[in-house]
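Shown next, in structure tokens, is the structure this report addresses.
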Amino acid sequence: MKSRRKGSGPFIPWSALAPYLWLLLFFGAPLAIVLKISLAAPVMGQPPYTPLFEATKDGIEWLINWDNYLLLLDDPLYIAALLNSLKIAGISTLIALLIGYPMAYAIARAPESRRGILMMLVILPFWTSFLIRVYAWMSILSTTGLLNSFLLWLGVIDAPLEIIYTTFAIHLGIVYSYLPFMVLPLVATLSRMDMTLLEAAADLGAKPWQAFLRVTLPLSLPGILAGSLLVFIPATGEFVIPDLLGGPDALMIGKIMWTEFFSNRDWPVASALTVALLVLLVGPMIALQSARKRDANAETPQARGEAA
Amino acid sequence: MSAAAAQALSMGPFLRIENISKRYEGTDTPAVDDVSLDIARGEFFSLLGASGSGKTTLLRILAGFERPDSGHVFIDGRDVTDLPPYERPVNMMFQSYALFPHMSVADNVAFGLKQDGMAKPERTARVAELLDLVHLGNKAKRKPHQLSGGERQRVALARALAKHPKLLLLDEPLGALDRKLRESTQFELKALQARLGITFVMVTHDQDEAMTLSSRLAVMDQGRVQQVGPPNEVYETPATRHVAEFLGAANLLDATVTDWGNGMATLACDGFPGSFKATAPAALAPAARVAVAIRPEKIRLCEAGAAADNKLQGTVKDIAYIGDVSTYSILLDGQRSLRVQSTNAKRGSLMPTEGAALWLSWDAADAVVIAE
């Protein structure tokens with residue numbers, strides 16, 4: 001573990017500040033702007049929202065407007081969109097886990113010489129633009145698309161299947177797009193695992209599937225968690241996939257945000273929605289993280305050095 | 001072989017290893033080459049050898065992790081060659097201990113019992129019993145990474161003993177411990193084995209460990225068993241050059257047989273005048289090429305006129321004073337030297353100095369002929 005010096009040391013390496021500067025500039029500042037806009041009221045003009053405070057002769061007058069947040073609670077559309085987003089992201093994450101785990105397992109157990117190529121194959125789709133890949137799915141799934149033409153030609157179906165512009169298509173798009181984010185952390189965790197543990201389990205009477213359930217699975221939980229978060233979080237706010245594959249009535253929070261911003265030109269409500277989503281997603285993550293840290297602290301009073 | 005072991009073996013071996021061979025894919029030489037061994041019930045048997053000698057592969061075959069290319073393994077009369085590890089009445093203590101890092105000490109020990117479907121109250125009692133056995137009763141709730149190396153070793157032992165295995169396999173059980181701990185643990189392990197009466201088969205590269213713990217041991221080299229026997233027998237009458245040099249230190253002299261009779265050989269040693277006498281239980285033809293092995297502690301430093309079975313003259317090249325003993329390197333003929341060890345039993349007794357000319361002698365009974 002890194003030992004951090006307490007108090008004001010005489011020597012501050014400036015390079016150590018770089019990541020903080022980066023975070024401040026590209027994460028902190030935009031977030032602060034979004035937060036500010038979410039507390040404003042929409043107006044016609046440039047910018048399309050009121051300022052947060054005004055200087056008067058008595059000093060500074062704050063013009064904080066909570067209406068945007070109240071609207072989110074008031075209008076069932078937003079809550080429905082949020083719940084639907086969570087549901088779609090949740091189901092997609094589960095499917096990605098079910099597909100990604102066996103993939104990651106196979107890669108982690110493959111001979112060292114082949115592992116690099118397999119990892120490459122997982123990452124390969126990233127070499128093409130995300131947008132183009134989603135468009136490709138449109139042409140595969142559409143009523144006159146590849147899949148339907150093929151099935152019609154086979155004679156399996158008489159009329160084209162309605163696949164595109166359904167929730168199923170959204171799930172498909174999300175699982176396809178985010179699968180590598182599930183696979184990579186799982187490969188990392190699984191390939192780190194000590195294989196003699198499985199021999200020990202077998203030696204103590206566990207059949208291969210029992211050894212998997214009692215040893216491999218619990219030991220890969222960190223990878224499962226990391227992969228799931230990496231899929232779930234972007235999937236919740238996903239805009240492109242529901243917009244292109246889900247059709248006009250796909251109710252997801254990303255699309256609502258887009259509509260508020262660009263169709264209604266209501267930046268404050270869109271910003272409030274963004275902040276609400278952030279709090280809803282980050283809150284549980286922080287709680288989880290601190291719980292894991294507590295666990296780790298409780299477990300490691302003296303072990304670090306010795307365990308190596 | 002001890003009388004008890006001999007008796008047990010006469011009733012049929014508990015563990016029979018029959019013509020086991022194993023070659024790993026992509027290698028030319030077999031890891032285990034036609035090994036056969038009979039091990040009696042209740043024995044503490046060691047497979048001793050350098051790394052790459054095939055001892056670990058043989059142990060893994062016994063555990064069921066490797067399948068032999070040919071040969072059979074019988075445990076208690078039953079052919080287990082094709083049984084997977086989880087169906088064998090065998091447990092193993094791993095060199096790395098292989099403790100489950102996500103489980104507490106108690107859960108590690110309970111793993112096999114839970115697998116067998118033992119009810120919780122019984123299981124808890126058995127785990128408590130085992131942890132008491134290895135003096136870890138107060139650490140049941142700890143995770144493996146919170147334990148010291150010695151404690152982890154004892155958890156691994158308790159876990160391997162939990163299911164009352166008929167046969168316990170130990171892969172370098174003391175290898176990861178520091179020297180002090182290793183010595184005390186050796187005696188505990190031996191006492192435990194005697195008390196439980198379980199047959200132990202241990203793999204080790206440490207000859208002291210093998211000598212101290214085993215009722216019998218097999219010295220392995222290049223996949224083959226070189227010699228099997230109780231430690232003292234193997235030490236006193238090594239069957240091959242490799243055994244003589246691997247187990248303790250040995251002086252080896254090349255020689256030609258001039259005569260043999262009544263278990264005693266008369267030899268001419270290459271480059272030395274006169275004839276030498278050495279023990280040779282098996283008949284030897286005259287003119288056969290052999291080696292004579294003499295242990296350093298069996299050679300005496302003596303006067304020129306002293307009567308002895310075998311004598312050689314030399315000068316002291318090097319002295320290593322260790323305290324209880326001194327080891328001398330005695331230069332014989334300008335190139336070859338012998339290693340001689342003598343105990344410093346009396347304080348201030350006369351010790352040869354470097355460069356001193358002296359005579360060496362040893363008894364015929366203490367020199368062993370190794371047929372080539």
Side-chain angles (χ1 to χ4, degrees), chain A residues 1 101 105 108-114 185-186 188-226 288 291-308, chain B residues 25-26 59-60 62-66 83-104 107-118 141-152 155-156 158-163 165 167-169 171 176 178:
Chain A
M1 284 251 89
Y101 202 101
Y105 193 90
R109 298 285 176 271
E112 198 99 31
S113 56
R114 228 180 300 158
L186 280 173
T189 323
L190 286 170
S191 55
R192 253 201 323 271
M193 209 185 99
D194 179 4
M195 294 303 288
T196 48
L197 293 179
L198 292 183
E199 288 186 346
D203 184 68
L204 293 165
K207 295 184 177 69
W209 64 269
Q210 290 167 321
F212 174 79
L213 286 183
R214 296 187 64 187
V215 179
T216 312
L217 197 60
L219 283 177
S220 60
L221 270 181
I224 293 177
L225 206 64
L288 197 76
R292 280 180 63 192
K293 205 171 266 174
R294 253 203 325 277
D295 261 15
N297 284 344
E299 277 176 11
T300 37
Q302 46 125 347
R304 285 285 156 103
E306 269 180 321
Chain B
E25 254 174 77
L59 197 75
R60 291 175 60 80
L62 296 183
F65 300 136
E66 307 285 351
L83 283 189
Y86 47 85
E87 282 175 12
R88 295 191 182 201
V90 171
N91 283 118
M92 173 145 159
M93 191 184 147
F94 291 81
Q95 183 175 13
S96 62
Y97 309 144
L99 298 178
F100 303 120
H102 58 300
M103 293 183 192
S104 68
D107 287 342
N108 262 286
V109 176
F111 189 97
L113 305 174
K114 220 169 164 179
Q115 202 59 55
D116 285 356
M118 189 189 264
K141 291 207 169 71
R142 299 275 183 99
K143 291 274 179 76
H145 68 225
Q146 294 170 295
L147 303 177
S148 72
E151 287 167 342
R152 280 202 287 267
V155 177
R159 188 179 71 176
L161 288 170
K163 293 176 69 171
L167 173 64
L168 187 72
L169 307 173
D171 188 2
D178 62 55

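- The salt bridge (charged side-chain N to carboxylate O under 4.0 Å, His left out) test applied to R214(A) returns no partner, not counting sequence neighbours.
- Using a 4.5 Å cut-off between heavy atoms, F111(B) contacts chain A through both its backbone and its side chain.
- Using a 4.5 Å cut-off on side-chain heavy atoms (C-beta onward), R60(B) and E199(A) make contact.
- Residues F100(B) and L204(A) have side chains in contact (heavy-atom distance under 4.5 Å, counting atoms from C-beta outward).
- Nearest heavy atom pair, residue A200(A) against residue R159(B), reads CB-NH2, 3.5 Å.
- Every residue two or more places apart in sequence or in another chain that forms a side-chain contact (heavy atoms from CB on, under 4.5 Å) with A156(B) is listed here: M93(B), Y97(B), L99(B).
- Interface remark: of the candidates L197(A), T196(A), D203(A), V215(A), D203(A) forms the most heavy-atom pairs closer than 4.5 Å to chain B.
- The shortest non-hydrogen separation linking P208(A) to Y86(B) is CD-CE2, 3.4 Å.
- For chain B, no part of A211(A) is nearby; none of its heavy atoms comes within less than 4.5 Å.
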